[in-house]
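Single-structure report; data block below.
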Amino acid sequence: MKYFLYWGCSLEASGANFLVSLKPSCEALGMEFLEIEDWNCCGASVSYAGAGDLAIKVANARNLAIAEAEGGYDVVAPCSSCYIQMIKVNHEIKEDPDLLEQVNVCLAEGGLKYRGNLNVRHIQDVLYNDIGVDKIKERVIKPLSGLKVAGYVGCQSVRPYGEYDSVNKPVVQDRLLEALGAEAVPFPNKIKCCGSGLFVPEMDYCMELVKNILEDALNHGAKLISTVCPMCAMNLEIYQNRINDHYGTHFDVPIVYLTQLMAIAFGMDMKKHAALNYNLIPPEGVIHAAIG
Amino acid sequence: MENKMGYNASFAEEVFRNVDSGDEIKMCMNCGVCAASCPLREHMDYPPRQIFSLIRAGKREEVLGSQSIMLCTSCYTCVVKCPRSIPVMDVMHGLAHYALKKGYTPRIEAARFGKEFWNQVYRRGRVDERDLAQRAYFAGGFWEGVKKILEFADVGIKLVLHRRMKLIPEKKIKGISTLRKMLDKAEMLDKGRSVQ
């Protein structure tokens with residue numbers, strides 16, 4: 001199946017392990033990815049400080065208009081912020097035809113037009129609903145048996161629209177982890193916010209959010225935490241030592257992308273495909289301890 | 001007759017007219033679910049519910065100068081929980097944008113970070129994370145920038161070593177000039193423009 005993959009800015013930098021592992025693991029399931037020609041940044045969740053609402057919508061509509069003109073395949077956004085910004089435009093223009101007209105007045109400055117015909121999908125949505133857990137199970141060569149994983153959903157991959165999963169009690173990531181053979185531990189904080197793009201400027205306030213998430217995952221027996229968002233991955237992983245200094249805790253828990261675990265379970269190369277060498281807190285130890 | 005409660009409708013009108021999603025607060029029944037669901041509620045001077053009441057009461061300085069409007073993590077919990085379907089988060093973002101445009105600077109670091117983020121989109125069409133952090137750090141002056149760079153040097157070095165930070169600056173997208181024209185047009189049509 002063909003999709004546009006809109007991977008966004010983060011997946012080329014701090015979230016590189018997401019993109020490196022996503023491509024081979026999803027292609028192994030029969031997915032084919034096209035790039036949106038000359039795509040631009042979605043504006044993520046902090047751009048409102050510098051831009052009006054309409055400008056942010058137009059930035060996203062530009063990508064959608066290009067994708068629509070280039071074949072109109074579903075747009076898959078692995079990054080939660082990219083996903084939510086794009087799907088928000090789609091939702092709002094459906095409710096408000098005047099908005100679509102305004103957006104198109106702006107797009108016309110660059111000779112583009114968006115008709116509103118595209119579907120924007122999260123990578124979890126596509127894996128769960130298009131591929132399905134059965135096909136994923138069939139592809140597993142090295143089941144992650146005995147690996148206790150906390151599937152951290154975060155915010156923007158399911159909220160606010162709940163397109164493919166419950167906004168209050170999401171289960172899709174857990175089902176995908178289980179399809180890989182892992183044990184998805186119950187984890188009430190799985191939908192609590194990590195601070196998102198506000199973490200960097202408001203670190204003093206946001207560290208507590210991350211501390212609560214890590215603590216909850218560990219208290220429920222998790223040995224590692226999986227995520228599907230580059231912002232979650234970054235906030236949960238790279239500040240653990242600062243949180244330890246601040247709260248006197250001893251966190252040293254690996255944070256991996258769901259797609260990294262897929263690559264491992266599919267028997268792919270730990271570095272080249274699963275991109276484990278990109279992780280700051282090495283996950284190899286707990287993975288080998290569980291699956292050998 | 002003078003309004004004995006001290007209510008002043010003119011600020012509410014200003015918000016309805018000029019703030020993105022500002023008119024949505026008309027639906028608020030002050031139940032406080034937004035405040036209860038917010039991850040950073042403890043650090044807010046006025047949680048969303050109170051912000052909406054203050055708007056209705058005409059307290060312009062309190063609202064536009066408040067810390068809370070800059071403390072939204074964009075987690076959409078309030079949007080999901082609001083029983084009146086108010087996009088609370090969008091209102092907070094709209095208020096933050098409006099306040100910054102009017103020269104208020106609550107939570108200066110968050111404001112600098114967000115503004116620089118958008119600058120990156122406007123300047124090159126994409127965000128270069130290294131450049132973004134650097135520019136946001138130095139937005140507060142040279143020495144503050146140096147202090148921040150030193151404070152977060154360990155993070156930067158680790159990200160470089162683990163191939164998660166680009167050392168070569170991100171290039172502009174090919175369609176940058178037309179993207180800018182589109183964004184300029186959007187800012188011209190935008191709600192807030194009418195009161196520049």
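Quantities reported herein were computed from a predicted structural model and do not represent experimental measurements.
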Where on [X] is there a heavy atom nearer than 4.5 Å to chain A: the side chain, the backbone, both, or neither?
X      : value
B:E170 : side chain
B:V127 : both
B:D90  : side chain
B:T77  : both
B:Y122 : neither
B:D154 : side chain
B:A110 : both
B:L71  : both
B:K81  : side chain
B:L100 : side chain

State plainly whether the residues A:R242 and B:E151 are in salt-bridge range, i.e. N to O under 4.0 Å.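 Between B:E151 and A:R242 there is no salt bridge, as every charged N stays at least 4.0 Å from the carboxylate O atoms.
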Flag the pair B:R60 and B:E14 as a salt bridge only when some basic side-chain nitrogen lies within less than 4.0 angstrom of an acidic carboxylate oxygen.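 Salt bridge: yes.
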Answer yes if the side chains of [X] and [Y] hold a donor-acceptor pair under 3.5 Å, and no otherwise.
X      : Y      : answer
B:E61  : B:Y104 : yes
A:Q240 : A:D252 : no
A:H122 : A:Q156 : no
B:N30  : B:S53  : yes

Return yes if some donor-acceptor pair links the side-chain N/O of [X] with the main-chain N/O of [Y] below 3.5 Å, else return no.
X      : Y      : answer
B:H162 : B:R164 : no
A:N235 : A:G195 : no
B:D45  : B:S66  : no
A:D125 : A:Y164 : no
B:R56  : B:I25  : yes

Within 45° cone and under 6.0 Å: [X] NZ/CZ vs [Y] ring:
X      : Y      : answer
B:K26  : B:F16  : yes
A:K23  : A:W7   : yes
A:K190 : A:Y152 : no

Could you name the residues of residues 98-106 of chain A that have a heavy atom within less than 4.5 Å of a heavy atom in chain B?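 Residues of residues 98-106 of chain A touching chain B at under 4.5 Å: A:Q102, A:V105, A:C106.
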Interface residue of largest heavy-atom contact number with chain B, from [options], under 4.5 Å:
options                       : result
A:G15, A:A51, A:A13           : A:A51
A:S196, A:P160, A:C193        : A:P160
A:S10, A:C42, A:G8, A:A16     : A:S10
A:V200, A:V20, A:N279, A:I238 : A:N279
A:L209, A:V167, A:I191        : A:L209
A:N277, A:D38, A:I56, A:N40   : A:D38

For [X] and [Y], which heavy atoms make the closest approach, and how far apart are they?
X      : Y      : result
A:V228 : A:F18  : O-CE2, 3.4 Å
A:L54  : B:A186 : CD2-O, 3.6 Å
B:K171 : B:R124 : O-CD, 3.9 Å
A:S47  : B:F117 : OG-CD2, 3.4 Å

At a heavy-atom distance under 4.5 Å, which candidate from [options] has the highest pair count against chain A?
options                        : result
B:Q120, B:K185, B:H93          : B:H93
B:C72, B:P87, B:S177, B:A99    : B:C72
B:K174, B:E109, B:K181, B:K166 : B:K174
B:T178, B:L159, B:L179         : B:L179
B:R126, B:H97, B:K115          : B:R126

CZ-CE distance between B:R49 and B:M29, expressed to the nearest 0.5 angstrom: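 Between atom CZ of B:R49 and atom CE of B:M29 there are 12.0 Å.
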With a 4.5 angstrom heavy-atom cut-off, could you sort out which part of [X] is near chain B: side chain, backbone, both or neither?
X      : answer
A:L198 : side chain
A:M231 : neither
A:N241 : side chain
A:E12  : both
A:A44  : both
A:S81  : neither

